[in-house]
Amino acid sequence: MKLAEQIPEDVEFTNPRKLLFPRDGFTKSDVISYYWRIADRMLPYLRGRAITVRRFPDGIGEDGFFQKNATDDMPDFIQTKEIATADDTMQAILVNEAAELVWLANKGAIEFHAALAMAETPNHPDQIIFDLDATSDEFSKIQQVAEALRAWCTENDIRPFVKSTGSRGLHVHIPIKDIQNGDFDTIRACAKRIAQHVVDECPDIATLEQRKENRGDRVYIDVQRNGYNQTAIAPYSLRARKGAPVATPLDWERAVQLETSGNRYKLNTLFKRLSQTEDPWKDFVPHAVQRGAFGLTF
DNA sequence: GACGCTG
DNA sequence: CAGCGTCAACGCTGC
DNA sequence: GCAGCG
Ligand SMILES: [Mn+2]
Ligand SMILES: [Mn+2]
């Protein structure tokens, strides 16, 4: 395959023509190429964090599965970190460089989910996330709730960052400056208080009800992602959905436009958008991590 | 996708 | 040797 | 402990 000369010798690709998005005609080669091209933009949000991959070795038309643990067939250049779980430990996968990204893509990894804490400090989140989940199909409700949340942040001198999830919703992230200050229980309680303000502001379109049967047509503000060893879809990850949508960082103006939806940008349309705009998340540095900070040589 | 078992 | 089965997560909430 | 949820 064309990319081979640019990628470390020990990364080989198998079945490059296998259809991973059968309804869209995108192959494993398309997915690997996407991740190779997006690596510089995406890696700052992955480096040093426990990564959960969602793999679809037989394409998104068949069952997929989550994988959090490293396996012994992984090459040496994939760093790992042992992290305690509720009743055991896991050997977490780290994705610090492009080689790891494409090696995992070759194993059928389509989605990359990133922890909200650095692997070295798994009890201390460096960001808060508000996961705005659609109950009905009206994306405008998601946008209104996001705006209400943004307004609360602005009143409190906080700068929130927004991304489309690639599915039907939006994620709003707030970087945490002093990560030693809180564990997940503390941060989640804080997130819930903020979310309650938003629900009070617009009770007809927003709810904190986890149970689907209690949500009505309201947007579910999910603060449960702010939990130990929990993850959120990483910026610039593909989603295993029709059209190969991308979880895309947005400027707020774009996020609330009529033309925007949760899956506005796709594998085959994202790069045009990137060439037309500055990185809307360039100031999102809850925990600045530089290339090379993890002792990699290539 | 990788591996082990079975025929 | 081919084919088949099995495996590949985790944590919070509210009964 | 378990179902529901993401
Ligand atoms: Mn969501
Ligand atoms: Mn298979």
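Letters go in sequence order (proteins before strands), and every chain restarts at 1. Because only heavy atoms are used, hydrogens play no part in the values below, and waters and symmetry mates are left out as well, while side chains stay in. These numbers come from a predicted model, not from an experiment.
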Check your understanding: salt bridge (charged side-chain N to carboxylate O under 4.0 Å, His left out) between Arg273(A) and Asp251(A): does it pass, once the steps are laid out?
Key -> CA-CA 12 Å; Arg273(A) 144 95 180 152; Asp251(A) 53 84; 3.6 Å; yes
Point to revise | Lys107(A) side chain near dA2(B) phosphate (N/O to OP1/OP2, under 4.0 Å) | key: yes
Review point. Shortest non-hydrogen contact from Trp281(A) to Pro235(A)?
Key: CZ3-CG, 3.8 Å
Exercise for review: Note every stem involving DNA chain C: at least three consecutive Watson-Crick or G-U wobble pairs, i with j then i+1 with j-1, with both distances under 3.5 Å.
Suggested key: B:1-7 with C:1-7, C:10-15 with D:1-6
Practice item. Would you name the heavy atoms of Leu238(A) and Glu111(A) that are closest together and state the gap between them? Key: O-CG, 3.4 Å
**Study point:** Nearest-angstrom distance from the residue atom CG of Asp131(A) to C1' of dG11(C)
**Key:** 15 Å
Practice item. Check the distance between dC7(C)'s P and Asp58(A)'s CG and give it to me in whole angstrom. Key: 17 Å
Practice item. Provide, to the nearest angstrom, the distance between the CD atom belonging to Glu209(A) and the P atom belonging to dG6(D). Key: 13 Å
Check your understanding: Taking atom P in both dA9(C) and dC3(B), what distance in whole Å separates the two?
Key -> 16 Å
Point to revise | Short N-O contact, Asp133(A) and Arg215(A), less than 4.0 angstrom | key: no
Check your understanding: Quick one: Ile187(A) CD1 to dG11(C) C1', roughly how many Å, whole number?
Key -> 17 Å
Review point. Would you call Arg159(A) and Asp283(A) a salt bridge, using N to O less than 4.0 angstrom?
Key: yes
Exercise for review: Using a strict cut-off of less than 4.0 Å between a Lys/Arg side-chain nitrogen and an Asp/Glu carboxylate oxygen, indicate whether Asp126(A) and Arg49(A) qualify as a salt bridge.
Suggested key: yes
Practice item. Kindly say if Asn69(A) contacts the phosphate of dA8(C), meaning a side-chain N or O under 4.0 Å from OP1 or OP2. Key: no
Exercise for review: Choose from dA8(C), dC5(D), dC10(C) the nucleotide whose nearest atom is closest to any side-chain atom of Gln67(A).
Suggested key: dA8(C)
Practice item. Verify, without hydrogens or angle tests, whether Lys141(A) (side chain) and Ser136(A) (backbone) share a donor-acceptor contact under 3.5 angstrom. Key: no
Exercise for review: Identify whether the distance between the nearest side-chain nitrogen and carboxylate oxygen of Asp204(A) and Arg218(A) falls below 4.0 Å.
Suggested key: no
**Study point:** Distance below 4.0 Å between Arg188(A) side-chain N/O and dT13(C) OP1 or OP2
**Key:** yes
Practice item. Please determine if a side-chain N or O atom of Asn15(A) lies less than 4.0 Å away from the OP1 or OP2 oxygen of dG1(B). Key: yes
Practice item. Mind listing the residues from residues 217-241 of chain A sitting with a heavy atom below 4.0 Å of DNA chain C? Number order is fine. Key: Gln224(A), Tyr228(A), Asn229(A), Gln230(A)
Review point. Between Phe284(A) and Tyr45(A), what is the ring plane arrangement, given parallel below 30°, perpendicular above 60°, and tilted in between?
Key: tilted
Review point. Taking the same atom, P, in dG11(C) and in dG1(B), what whole-Å distance lies between them?
Key: 29 Å
Check your understanding: Heavy atoms under 4.0 Å, any strand shown: does Arg54(A) hit a base, just sugar-phosphate, or nothing?
Key -> nothing
Exercise for review: Find the distance Arg211(A):CZ to dG4(D):C1' and express it as a whole number of Å.
Suggested key: 6 Å
Exercise for review: Return the nearest nucleotide to the side chain of Met90(A); candidates are dC10(C), dG4(D), dC12(C).
Suggested key: dC10(C)
Practice item. Would you tell me if any nitrogen or oxygen in the side chain of Arg215(A) comes within less than 4.0 Å of OP1 or OP2 on dG6(D)? Key: yes
Check your understanding: Is the NZ or CZ atom of Arg37(A) positioned over Phe271(A)'s six-membered ring, under 6.0 angstrom from the centre and within 45° of the axis?
Key -> yes
Check your understanding: Separation of Leu116(A) atom CG from dC12(C) atom C1', in whole Å?
Key -> 14 Å
**Study point:** N or O in side chain of Lys18(A) less than 4.0 angstrom from dG1(B) OP1/OP2
**Key:** yes
Exercise for review: For Thr85(A), report the nucleic acid contact type (base, sugar-phosphate, nothing); a contact means any heavy atom under 4.0 Å.
Suggested key: sugar-phosphate
Review point. In whole angstrom, what separates Trp103(A)'s CH2 from dA2(B)'s P?
Key: 8 Å
Exercise for review: Would you mind reading off the distance between Asp133(A) atom CG and dG4(D) atom C1', rounded to a whole angstrom?
Suggested key: 14 Å
